[in-house]
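Data first, discussion second: the structure below is written as structure tokens.
Just so you know, these numbers come straight off a predicted model, no measurement behind them. Throughout, numbering of the chain's residues begins at 1 and tracks the sequence.
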Amino acid sequence: MGSNGTPGVDERAAGPAAATRPAKRRLLVGTGVVLTTLLLTGCSSATTEQWKRLGLPEGASDRTEAVRSLWIGAWIAALIVGVMVWALILYVVVRYRKRNDDAPKQVRYNLPLEVLYTLAPFAIIGVLFYYTVEHGNQITAMSNQSQHTVNVVGQQWQWTFNYKETVDGQEGVWETGTLEKPAELWLPVNESVQFDLTSPDVIHSFWVPSFYFKLDVIPGRTNKFELTPTKTGTFAGKCAELCGLYHSRMVFSVKVVTRAEYDAHLRELAAKGQTGAAVGGEDATTIPGHGSEEGEK
């Protein structure tokens, strides 16, 4: 019997316990607000901007917009699909959470529903495929009229950059790196550059995250891409393909500078005698064990 003479829970026993529940809720809410505030205020402005780009680094090439729009669009599509799936799951969990006899009548099949969940994934895949192809064509577009050409040679375990330009009467200059002193790639800002990628040993992958572009470097094959650096500064580059023991040390930096600084750097290389091209041996452009003509196929 309750304290008022009616059947039920004793109010004197239930009262203190019931009174503590709102206090616990307020404590949890307050703790959540404090932790969220500390998390948000603890982020630097650079981190906050990267969150807005959904993890992408700050772009520094003319391929930035195509990659960023595709990346963010894919996340939006995934979020929409996820919310729909979560909503359906929660609806079923809440609606049919009681007894078995509350469940809907069991049938062998539901044709409209089966058509829906068969066609819906194809529609989603079709939309994603269309935008992936459209943006992919923009990202990999080649004009074949670039202002500069750089032959990038990836070898175990550093990079060599051959600038295919006439410098002080010399046809081309080059620079390379070592494990102790990684290579530097110099590029002029706002001028298009074609990259010819070759390797004399194993598969590497040329990646500059801020350029929003990555392409494999394959022995016996020349892969090409083109882009235009749009911001001056120094950007990190690395090999993105496991290539052996010192793969983690196969890094380099990219210096995007003014045209005057770029020309001055090429003249410095020529003055050091680093003229011509350092391609890493004949296997950089052919498949070992095959003739050059067959290797080019």
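With a 4.5 Å cut-off on side-chain heavy atoms, Ser146 and Val193 do not count as touching. In this structure the side chain of Glu261 never reaches within 4.5 angstrom of the side chain of Thr232, judged on heavy atoms. Between Val202 and His204, some side-chain heavy-atom pair lies under the 4.5 Å cut-off. Side-chain contact between Glu175 and Tyr163: present, with at least one pair of heavy atoms (C-beta onward) separated by less than 4.5 Å. The side-chain heavy atoms of Pro182 and Gln158, taken from C-beta on, include a pair separated by under 4.5 Å. Put simply, the side chain of Phe206 does not reach to within 4.5 Å of the side chain of Leu215, judged on heavy atoms.
The aromatic rings of Trp186 and His265 lie parallel to each other, their planes meeting at an angle below 30°, with 60° marking the opposite boundary. Using a 30° and 60° split on the angle between ring planes, Phe225 and Phe195 fall in the parallel class, below 30°.
Taken together through direct or relayed side-chain contacts under 4.5 Å among Ile, Leu, Val, Met, Phe, Trp and Tyr, Val93 and Val85 form part of one hydrophobic cluster. Following chains of ILVMFWY side-chain contacts shorter than 4.5 Å, one cannot reach Trp174 starting from Leu266, and the two form parts of different hydrophobic clusters. There is no path of hydrophobic side-chain contacts, each under 4.5 Å, that joins Ile80 to Val83.
In plain terms, the two heavy atoms of Gly154 and Ser199 that are nearest each other are O-OG, 3.0 Å. Considering every non-hydrogen atom in both Gln155 and Pro200, the closest pair reads CB-CG, 3.8 Å. Annotation for Val81 and Ile124: closest pair CG2-CD1, 3.7 Å, computed over non-hydrogen atoms. Residues Ala278 and Thr160 share a closest heavy-atom pair of O-CG2, 3.4 Å. Considering all non-hydrogen atoms of both residues, Trp159 and Ala183 come closest at O-CB, 3.5 Å. Of all heavy-atom pairs between His135 and Ala66, the closest is CD2-O, 3.0 Å.
Rounding to the nearest 0.5 Å gives a distance of 9.0 Å between CG of Leu79 and CH2 of Trp75. Interatomic distance, Leu70 CG to Tyr212 OH, rounded to the nearest 0.5 Å: 12.0 Å. Put simply, OG1 on Thr132 and CD1 on Ile125 are 11.0 Å apart, with the number rounded to the nearest 0.5 Å. In this structure, Glu165 CD and Glu171 CD are separated by 10.5 Å, a value rounded to the nearest 0.5 Å. Atom-to-atom distance recorded for Thr230:OG1 and Glu65:CD is 11.5 Å, nearest 0.5 angstrom. Here CD of Gln274 is found 5.5 Å from CG of Leu269. Values are rounded to the nearest 0.5 Å.
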Item to check | Thr176 vs Phe161, side-chain contact (heavy atoms from CB on, under 4.5 Å): CA-CA, chis, key distance, verdict | outcome: CA-CA 6 Å; Thr176 190; Phe161 303 118; over 6 Å; no
Item to check | Derivation of the salt bridge (Lys or Arg N to Asp or Glu O under 4.0 Å) call for Asp263 and Arg267 | outcome: CA-CA 6 Å; Asp263 291 339; Arg267 288 194 295 270; 5.1 Å; no
Next on the checklist: Between His148 and Tyr262, does the side-chain contact (heavy atoms from CB on, under 4.5 Å) criterion hold? Intermediate values first, please.
Outcome noted: CA-CA 11 Å; His148 308 275; Tyr262 174 74; 3.8 Å; yes
Taking only distance into account, with no hydrogens and no angle test, what donor-acceptor pairs under 3.5 Å do side-chain atoms of residues 239-257 form with protein atoms, sequence neighbours excluded?
{"from": "His247", "atom 1": "ND1", "to": "Glu241", "atom 2": "O", "distance (Å)": "3.0"}
{"from": "Arg249", "atom 1": "NH2", "to": "Leu179", "atom 2": "O", "distance (Å)": "3.2"}

Would you list the atom pairs, donor with acceptor, under 3.5 Å between side chains in residues 137-144 and any protein atom, with sequence neighbours excluded?
{"from": "Asn137", "atom 1": "ND2", "to": "Val133", "atom 2": "O", "distance (Å)": "3.3"}
{"from": "Thr140", "atom 1": "OG1", "to": "Gly136", "atom 2": "O", "distance (Å)": "2.8"}
{"from": "Ser143", "atom 1": "OG", "to": "Gln145", "atom 2": "N", "distance (Å)": "3.2"}
{"from": "Ser143", "atom 1": "OG", "to": "Glu226", "atom 2": "OE1", "distance (Å)": "3.1"}
{"from": "Ser143", "atom 1": "OG", "to": "Glu226", "atom 2": "OE2", "distance (Å)": "2.7"}

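Of the options Asp216, Val217, Asn223, Leu197, a side-chain contact (heavy atoms from CB on, under 4.5 Å) to Ser205 is made by Asp216 and by none of the others.
One N or O on the side chain of Asp62 and one on the backbone of Thr228 form a donor-acceptor pair closer than 3.5 Å.
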